[in-house]
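Structure, as C-alpha coordinates:
Throughout, protein chains are lettered first and strands after them, A, B, ... in sequence-line order, and every chain is numbered starting at 1. Heavy-atom basis, side chains included; hydrogens, waters and symmetry copies ignored.
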Amino acid sequence: MLDVQHLEDEQLLRYSRQIMLPEIEIEGQMRLLNSRVLIVGLGALGSPASMYLAASGIGELVLMDHDRVELSNLQRQIVHSSASIGKPKVRSAVHTLRALNPEISIVGLDRAFDERALATEVGRVDAVVDATDNFTARFAINKACFETRTPLISGAAIRLEGQVSVYPFDRAADSPCYHCLYRDVTEPPGSCAENGVLGAVAGLVGCIQAIETVKVLLDFGETLAGRLLLIDARRMDIHAVRLVRDPACPVCGGVTG
Amino acid sequence: MKITLKLYATLGDLLPAGAFENAVQIEVADGATPNEVIDQHRVPREMAHLVLHNGIYVAPEQRDLPTIKEGDVLAIWPPVAWRLT
(Lines give C-alpha, C1' and ligand atoms only; values in the text may rest on other atoms or scores of the structure.)
Protein backbone atom coordinates (compact mmCIF):
# COMPACT_ATOMS: atom_id res chain seq x y z
CA MET A 1 0.00 0.00 0.00
CA LEU A 2 1.26 3.46 -0.90
CA ASP A 3 1.64 5.58 2.21
CA VAL A 4 3.83 8.63 1.68
CA GLN A 5 3.42 10.88 4.72
CA HIS A 6 6.14 13.42 4.03
CA LEU A 7 8.61 14.41 1.35
CA GLU A 8 12.36 13.89 1.69
CA ASP A 9 14.74 16.68 0.67
CA GLU A 10 15.59 14.94 -2.59
CA GLN A 11 11.91 14.57 -3.44
CA LEU A 12 11.31 18.24 -2.72
CA LEU A 13 14.10 19.06 -5.15
CA ARG A 14 13.03 16.52 -7.81
CA TYR A 15 9.45 17.76 -7.89
CA SER A 16 10.15 21.41 -6.96
CA ARG A 17 9.09 22.90 -10.30
CA GLN A 18 5.62 21.41 -10.08
CA ILE A 19 5.31 21.83 -6.30
CA MET A 20 5.65 25.56 -7.06
CA LEU A 21 2.35 25.41 -8.92
CA PRO A 22 -0.56 26.52 -6.72
CA GLU A 23 -2.62 23.67 -8.24
CA ILE A 24 -0.17 21.10 -6.87
CA GLU A 25 1.93 22.31 -3.90
CA ILE A 26 3.23 19.78 -1.38
CA GLU A 27 -0.19 18.32 -0.65
CA GLY A 28 -0.79 17.58 -4.34
CA GLN A 29 2.66 16.04 -4.72
CA MET A 30 1.94 13.74 -1.79
CA ARG A 31 -1.31 12.72 -3.47
CA LEU A 32 0.53 11.92 -6.70
CA LEU A 33 3.06 9.84 -4.76
CA ASN A 34 0.17 7.97 -3.15
CA SER A 35 -1.60 7.35 -6.49
CA ARG A 36 -1.69 4.31 -8.74
CA VAL A 37 -2.20 4.61 -12.50
CA LEU A 38 -2.66 1.79 -15.01
CA ILE A 39 -1.35 2.45 -18.53
CA VAL A 40 -2.62 -0.03 -21.11
CA GLY A 41 -0.42 0.03 -24.21
CA LEU A 42 3.24 1.05 -24.29
CA GLY A 43 3.27 2.30 -27.85
CA ALA A 44 3.10 5.75 -29.38
CA LEU A 45 0.65 7.15 -26.80
CA GLY A 46 1.80 5.16 -23.78
CA SER A 47 5.43 6.18 -24.33
CA PRO A 48 5.11 9.91 -23.58
CA ALA A 49 2.24 9.36 -21.13
CA SER A 50 4.27 6.89 -19.06
CA MET A 51 7.40 9.04 -19.15
CA TYR A 52 5.66 12.21 -17.97
CA LEU A 53 3.65 10.36 -15.34
CA ALA A 54 6.78 8.64 -14.04
CA ALA A 55 8.65 11.93 -13.99
CA SER A 56 5.80 13.66 -12.16
CA GLY A 57 6.03 11.13 -9.29
CA ILE A 58 2.98 8.93 -9.61
CA GLY A 59 3.59 6.50 -6.75
CA GLU A 60 2.87 3.35 -8.72
CA LEU A 61 2.62 2.87 -12.46
CA VAL A 62 1.19 -0.40 -13.71
CA LEU A 63 2.13 -1.06 -17.33
CA MET A 64 0.22 -3.56 -19.45
CA ASP A 65 1.27 -4.68 -22.94
CA HIS A 66 2.24 -7.94 -24.59
CA ASP A 67 4.06 -6.80 -27.73
CA ARG A 68 7.75 -6.78 -28.41
CA VAL A 69 9.73 -3.77 -29.60
CA GLU A 70 10.25 -3.62 -33.37
CA LEU A 71 12.46 -1.32 -35.40
CA SER A 72 9.40 0.29 -37.04
CA ASN A 73 8.08 1.29 -33.58
CA LEU A 74 10.98 3.58 -32.75
CA GLN A 75 9.85 6.50 -34.94
CA ARG A 76 7.10 7.22 -32.38
CA GLN A 77 7.40 4.91 -29.35
CA ILE A 78 10.01 6.95 -27.54
CA VAL A 79 10.05 5.02 -24.28
CA HIS A 80 11.89 2.27 -26.20
CA SER A 81 15.32 2.41 -27.79
CA SER A 82 17.27 0.55 -30.46
CA ALA A 83 18.82 -1.60 -27.74
CA SER A 84 15.33 -2.86 -26.85
CA ILE A 85 14.45 -4.31 -30.25
CA GLY A 86 13.09 -7.81 -29.77
CA LYS A 87 12.45 -7.32 -26.05
CA PRO A 88 9.01 -7.17 -24.46
CA LYS A 89 7.72 -3.59 -24.51
CA VAL A 90 6.85 -3.74 -20.84
CA ARG A 91 10.40 -4.72 -19.88
CA SER A 92 11.84 -2.03 -22.14
CA ALA A 93 9.52 0.64 -20.69
CA VAL A 94 10.22 -0.39 -17.08
CA HIS A 95 13.94 -0.04 -17.79
CA THR A 96 13.53 3.49 -19.21
CA LEU A 97 11.11 4.67 -16.54
CA ARG A 98 13.22 3.33 -13.66
CA ALA A 99 16.19 5.25 -15.02
CA LEU A 100 14.02 8.36 -15.24
CA ASN A 101 12.59 8.06 -11.75
CA PRO A 102 13.97 5.28 -9.55
CA GLU A 103 11.93 6.25 -6.53
CA ILE A 104 8.48 5.25 -7.81
CA SER A 105 7.12 1.74 -8.10
CA ILE A 106 6.71 0.40 -11.64
CA VAL A 107 4.90 -2.86 -12.20
CA GLY A 108 5.15 -4.46 -15.64
CA LEU A 109 2.46 -6.87 -16.81
CA ASP A 110 3.74 -8.56 -19.96
CA ARG A 111 0.62 -10.49 -20.83
CA ALA A 112 -1.85 -10.90 -23.63
CA PHE A 113 -5.02 -8.87 -23.38
CA ASP A 114 -7.43 -10.57 -21.01
CA GLU A 115 -10.67 -9.05 -19.76
CA ARG A 116 -10.48 -10.66 -16.33
CA ALA A 117 -6.92 -9.55 -15.69
CA LEU A 118 -7.86 -6.11 -16.93
CA ALA A 119 -10.85 -5.87 -14.57
CA THR A 120 -8.65 -6.86 -11.62
CA GLU A 121 -6.01 -4.26 -12.42
CA VAL A 122 -8.53 -1.49 -13.16
CA GLY A 123 -10.17 -2.12 -9.79
CA ARG A 124 -7.00 -1.36 -7.85
CA VAL A 125 -5.86 1.88 -9.46
CA ASP A 126 -6.95 5.53 -9.22
CA ALA A 127 -6.98 6.19 -12.98
CA VAL A 128 -6.50 4.33 -16.26
CA VAL A 129 -4.73 5.64 -19.35
CA ASP A 130 -6.00 3.94 -22.51
CA ALA A 131 -3.11 3.98 -24.95
CA THR A 132 -4.13 0.92 -26.94
CA ASP A 133 -4.44 0.58 -30.69
CA ASN A 134 -7.64 -1.39 -31.22
CA PHE A 135 -11.35 -1.23 -30.51
CA THR A 136 -11.53 -4.59 -28.74
CA ALA A 137 -9.20 -3.36 -26.03
CA ARG A 138 -10.75 0.10 -25.93
CA PHE A 139 -14.27 -1.21 -25.41
CA ALA A 140 -13.10 -3.65 -22.71
CA ILE A 141 -11.15 -0.94 -20.86
CA ASN A 142 -14.14 1.40 -21.06
CA LYS A 143 -16.45 -1.26 -19.64
CA ALA A 144 -14.05 -2.19 -16.81
CA CYS A 145 -13.60 1.47 -15.88
CA PHE A 146 -17.35 2.09 -15.95
CA GLU A 147 -18.07 -0.95 -13.76
CA THR A 148 -15.42 0.00 -11.19
CA ARG A 149 -16.08 3.75 -11.51
CA THR A 150 -12.41 4.32 -12.30
CA PRO A 151 -11.57 7.47 -14.29
CA LEU A 152 -10.47 6.74 -17.86
CA ILE A 153 -8.18 8.99 -19.87
CA SER A 154 -8.52 7.93 -23.47
CA GLY A 155 -6.46 8.98 -26.48
CA ALA A 156 -6.06 7.99 -30.11
CA ALA A 157 -3.87 9.12 -33.00
CA ILE A 158 -3.51 8.23 -36.64
CA ARG A 159 -2.04 10.01 -39.65
CA LEU A 160 -2.00 13.67 -38.54
CA GLU A 161 -5.10 13.41 -36.37
CA GLY A 162 -5.66 12.92 -32.69
CA GLN A 163 -8.48 12.68 -30.17
CA VAL A 164 -8.43 12.83 -26.37
CA SER A 165 -11.19 12.64 -23.79
CA VAL A 166 -11.73 11.91 -20.11
CA TYR A 167 -14.48 9.64 -18.82
CA PRO A 168 -14.65 10.31 -15.08
CA PHE A 169 -17.34 7.72 -14.29
CA ASP A 170 -18.12 9.37 -10.98
CA ARG A 171 -21.68 8.95 -9.89
CA ALA A 172 -22.41 12.66 -9.86
CA ALA A 173 -21.46 13.19 -13.50
CA ASP A 174 -23.80 12.58 -16.41
CA SER A 175 -20.97 12.32 -18.89
CA PRO A 176 -20.83 9.78 -21.71
CA CYS A 177 -18.52 6.78 -21.99
CA TYR A 178 -16.20 5.74 -24.83
CA HIS A 179 -18.86 3.41 -26.22
CA CYS A 180 -21.26 6.37 -26.59
CA LEU A 181 -18.67 7.98 -28.83
CA TYR A 182 -17.88 4.94 -30.97
CA ARG A 183 -21.27 3.27 -30.79
CA ASP A 184 -21.58 2.30 -34.45
CA VAL A 185 -18.17 0.89 -35.17
CA THR A 186 -18.67 -2.08 -37.42
CA GLU A 187 -15.53 -2.06 -39.51
CA PRO A 188 -12.01 -0.75 -39.08
CA PRO A 189 -11.56 2.88 -40.04
CA GLY A 190 -7.91 2.16 -40.74
CA SER A 191 -4.82 0.88 -39.04
CA CYS A 192 -1.56 2.58 -38.24
CA ALA A 193 0.27 0.16 -40.52
CA GLU A 194 -2.04 1.08 -43.41
CA ASN A 195 -2.32 4.80 -42.76
CA GLY A 196 0.83 5.79 -40.93
CA VAL A 197 1.15 8.31 -38.15
CA LEU A 198 3.50 11.20 -37.44
CA GLY A 199 5.24 10.33 -34.18
CA ALA A 200 4.93 13.77 -32.65
CA VAL A 201 1.16 13.81 -33.24
CA ALA A 202 0.83 10.67 -31.13
CA GLY A 203 3.27 12.27 -28.69
CA LEU A 204 1.04 15.32 -28.37
CA VAL A 205 -1.94 13.11 -27.59
CA GLY A 206 0.05 11.10 -25.03
CA CYS A 207 1.25 14.30 -23.34
CA ILE A 208 -2.33 15.58 -23.09
CA GLN A 209 -3.32 12.24 -21.57
CA ALA A 210 -0.59 12.69 -18.94
CA ILE A 211 -1.80 16.23 -18.15
CA GLU A 212 -5.40 15.10 -17.83
CA THR A 213 -4.36 12.19 -15.59
CA VAL A 214 -2.61 14.56 -13.16
CA LYS A 215 -5.67 16.85 -13.18
CA VAL A 216 -8.00 13.92 -12.50
CA LEU A 217 -5.82 12.65 -9.64
CA LEU A 218 -5.56 16.09 -8.05
CA ASP A 219 -9.04 17.27 -9.01
CA PHE A 220 -8.10 20.71 -10.30
CA GLY A 221 -8.96 22.76 -13.36
CA GLU A 222 -11.41 21.61 -15.97
CA THR A 223 -10.72 18.22 -17.47
CA LEU A 224 -11.95 16.92 -20.83
CA ALA A 225 -14.83 15.13 -19.07
CA GLY A 226 -17.86 15.36 -21.34
CA ARG A 227 -15.74 16.86 -24.11
CA LEU A 228 -13.66 15.44 -26.92
CA LEU A 229 -10.49 17.23 -27.99
CA LEU A 230 -10.04 16.98 -31.76
CA ILE A 231 -6.63 17.64 -33.26
CA ASP A 232 -6.02 18.09 -36.99
CA ALA A 233 -2.27 18.65 -37.12
CA ARG A 234 -2.25 19.12 -40.88
CA ARG A 235 -3.86 22.52 -40.30
CA MET A 236 -3.02 22.65 -36.56
CA ASP A 237 -6.71 23.00 -35.91
CA ILE A 238 -7.72 22.05 -32.37
CA HIS A 239 -11.33 21.92 -31.18
CA ALA A 240 -13.08 20.65 -28.08
CA VAL A 241 -16.62 19.47 -28.72
CA ARG A 242 -19.18 18.60 -26.10
CA LEU A 243 -20.26 14.97 -26.03
CA VAL A 244 -23.59 13.62 -24.92
CA ARG A 245 -24.42 10.30 -23.31
CA ASP A 246 -26.21 7.82 -25.56
CA PRO A 247 -29.31 6.70 -23.65
CA ALA A 248 -29.20 3.44 -25.62
CA CYS A 249 -25.50 2.79 -24.89
CA PRO A 250 -25.05 -0.89 -23.92
CA VAL A 251 -22.41 0.11 -21.34
CA CYS A 252 -23.65 3.26 -19.60
CA GLY A 253 -27.10 3.87 -21.11
CA GLY A 254 -29.96 3.99 -18.67
CA VAL A 255 -27.61 4.36 -15.72
CA THR A 256 -28.04 7.68 -14.04
CA GLY A 257 -25.98 9.09 -11.23
CA MET B 1 -29.91 28.14 -49.46
CA LYS B 2 -26.21 28.54 -48.75
CA ILE B 3 -24.38 26.87 -45.88
CA THR B 4 -20.71 26.32 -44.99
CA LEU B 5 -19.34 22.78 -45.05
CA LYS B 6 -16.10 22.07 -43.19
CA LEU B 7 -14.31 18.76 -43.64
CA TYR B 8 -11.44 17.95 -41.28
CA ALA B 9 -8.33 15.82 -41.53
CA THR B 10 -8.37 13.31 -44.40
CA LEU B 11 -11.95 14.21 -45.30
CA GLY B 12 -10.53 17.50 -46.61
CA ASP B 13 -9.62 15.61 -49.80
CA LEU B 14 -13.36 15.34 -50.56
CA LEU B 15 -13.93 19.10 -50.64
CA PRO B 16 -15.17 20.39 -54.00
CA ALA B 17 -13.45 23.06 -56.10
CA GLY B 18 -13.74 26.51 -54.60
CA ALA B 19 -12.87 25.40 -51.11
CA PHE B 20 -10.64 27.64 -49.03
CA GLU B 21 -8.54 25.69 -46.57
CA ASN B 22 -11.01 23.15 -45.13
CA ALA B 23 -14.26 25.04 -45.77
CA VAL B 24 -16.54 25.63 -48.71
CA GLN B 25 -19.84 27.42 -49.25
CA ILE B 26 -22.37 25.05 -50.75
CA GLU B 27 -25.93 25.27 -52.00
CA VAL B 28 -28.38 22.86 -50.37
CA ALA B 29 -32.14 22.43 -50.61
CA ASP B 30 -34.38 24.03 -48.04
CA GLY B 31 -34.92 21.60 -45.17
CA ALA B 32 -31.78 19.63 -45.93
CA THR B 33 -30.62 17.07 -43.39
CA PRO B 34 -27.01 16.49 -42.28
CA ASN B 35 -27.03 13.04 -43.91
CA GLU B 36 -28.15 14.53 -47.23
CA VAL B 37 -25.20 16.94 -47.16
CA ILE B 38 -22.86 14.07 -46.20
CA ASP B 39 -24.12 11.94 -49.11
CA GLN B 40 -24.14 14.86 -51.54
CA HIS B 41 -20.39 15.29 -50.95
CA ARG B 42 -19.66 11.56 -51.09
CA VAL B 43 -18.42 11.40 -47.52
CA PRO B 44 -18.69 7.72 -46.55
CA ARG B 45 -21.18 7.54 -43.67
CA GLU B 46 -18.76 5.48 -41.55
CA MET B 47 -16.16 8.23 -42.01
CA ALA B 48 -18.59 10.96 -40.91
CA HIS B 49 -17.93 10.10 -37.30
CA LEU B 50 -18.41 13.46 -35.60
CA VAL B 51 -20.93 15.79 -37.17
CA LEU B 52 -21.14 19.26 -35.68
CA HIS B 53 -24.00 21.58 -36.61
CA ASN B 54 -23.03 25.15 -35.71
CA GLY B 55 -20.47 23.61 -33.33
CA ILE B 56 -22.95 21.29 -31.60
CA TYR B 57 -22.58 17.51 -31.87
CA VAL B 58 -25.32 15.81 -33.87
CA ALA B 59 -25.94 12.21 -32.76
CA PRO B 60 -26.34 9.63 -35.57
CA GLU B 61 -30.09 9.24 -34.97
CA GLN B 62 -30.60 13.00 -35.46
CA ARG B 63 -28.81 13.23 -38.79
CA ASP B 64 -31.94 12.61 -40.86
CA LEU B 65 -33.80 15.54 -39.35
CA PRO B 66 -34.28 18.67 -41.54
CA THR B 67 -32.46 20.96 -39.14
CA ILE B 68 -30.15 22.88 -41.46
CA LYS B 69 -30.89 26.54 -42.09
CA GLU B 70 -29.44 29.29 -44.29
CA GLY B 71 -25.98 30.37 -43.10
CA ASP B 72 -25.39 27.32 -40.89
CA VAL B 73 -22.03 25.59 -40.55
CA LEU B 74 -21.77 21.81 -40.81
CA ALA B 75 -18.40 20.37 -39.73
CA ILE B 76 -17.43 16.72 -40.11
CA TRP B 77 -14.51 14.81 -38.50
CA PRO B 78 -13.46 11.25 -39.33
CA PRO B 79 -12.99 8.59 -36.65
CA VAL B 80 -9.59 8.36 -35.00
CA ALA B 81 -8.77 4.87 -33.84
CA TRP B 82 -6.93 1.86 -35.05
CA ARG B 83 -7.89 -1.58 -36.15
CA LEU B 84 -10.61 -3.89 -34.95
CA THR B 85 -9.13 -7.19 -33.81
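- Using the six-membered ring where Trp is involved, H239(A) and Y8(B) have ring planes that are perpendicular, over 60° apart on the 30 and 60° scheme.
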Report the C-alpha separation of V122(A) and E147(A) in whole Å, then their side-chain angles, then the decisive distance to 0.1 Å, and conclude whether the side chain to side chain contact (heavy atoms under 4.5 Å, CB included) test is met. CA-CA 10 Å; V122(A) 167; E147(A) 286 172 352; over 6 Å; no

Apply the test side chain to side chain contact (heavy atoms under 4.5 Å, CB included) to residues N73(A) and K89(A): give CA-CA distance (whole Å), side-chain angles for both, the deciding distance (0.1 Å), then the verdict. CA-CA 10 Å; N73(A) 298 154; K89(A) 285 188 179 176; 3.4 Å; yes

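- Between the E212(A) side chain and the S165(A) main chain, no donor and acceptor come within less than 3.5 Å of each other.
- With a 4.5 angstrom heavy-atom cutoff, P44(B) does not touch chain A via any of its atoms.
- In Y57(B), the OH atom is crowded: over 12 heavy atoms of neighbouring residues, nucleotides or ligands sit closer than 6.0 Å.
- Of the listed residues (L228(A), L160(A), V244(A), D232(A)), the one with the most heavy-atom contacts under 4.5 Å to chain B is D232(A).
- With a 4.5 angstrom heavy-atom cutoff, R242(A) touches chain B only via backbone atoms.
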Side chain to side chain contact (heavy atoms under 4.5 Å, CB included) assessment of D130(A) paired with R138(A): CA-CA 7 Å; D130(A) 183 349; R138(A) 287 177 181 279; 3.3 Å; yes

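- For I56(B), no part lies near chain A; criterion is any non-hydrogen pair under 4.5 Å.
- We find the CD1-OG1 distance between I141(A) and T136(A) to be 10.5 Å, quoted to the nearest 0.5 Å.
- Ring pair F169(A)/F146(A) is perpendicular by interplanar angle, where above 60° counts as perpendicular and below 30° as parallel.
- Of all residues in residues 16-41 of chain B, those placing a non-hydrogen atom less than 4.5 angstrom from a non-hydrogen atom of chain A are E21(B), N22(B).
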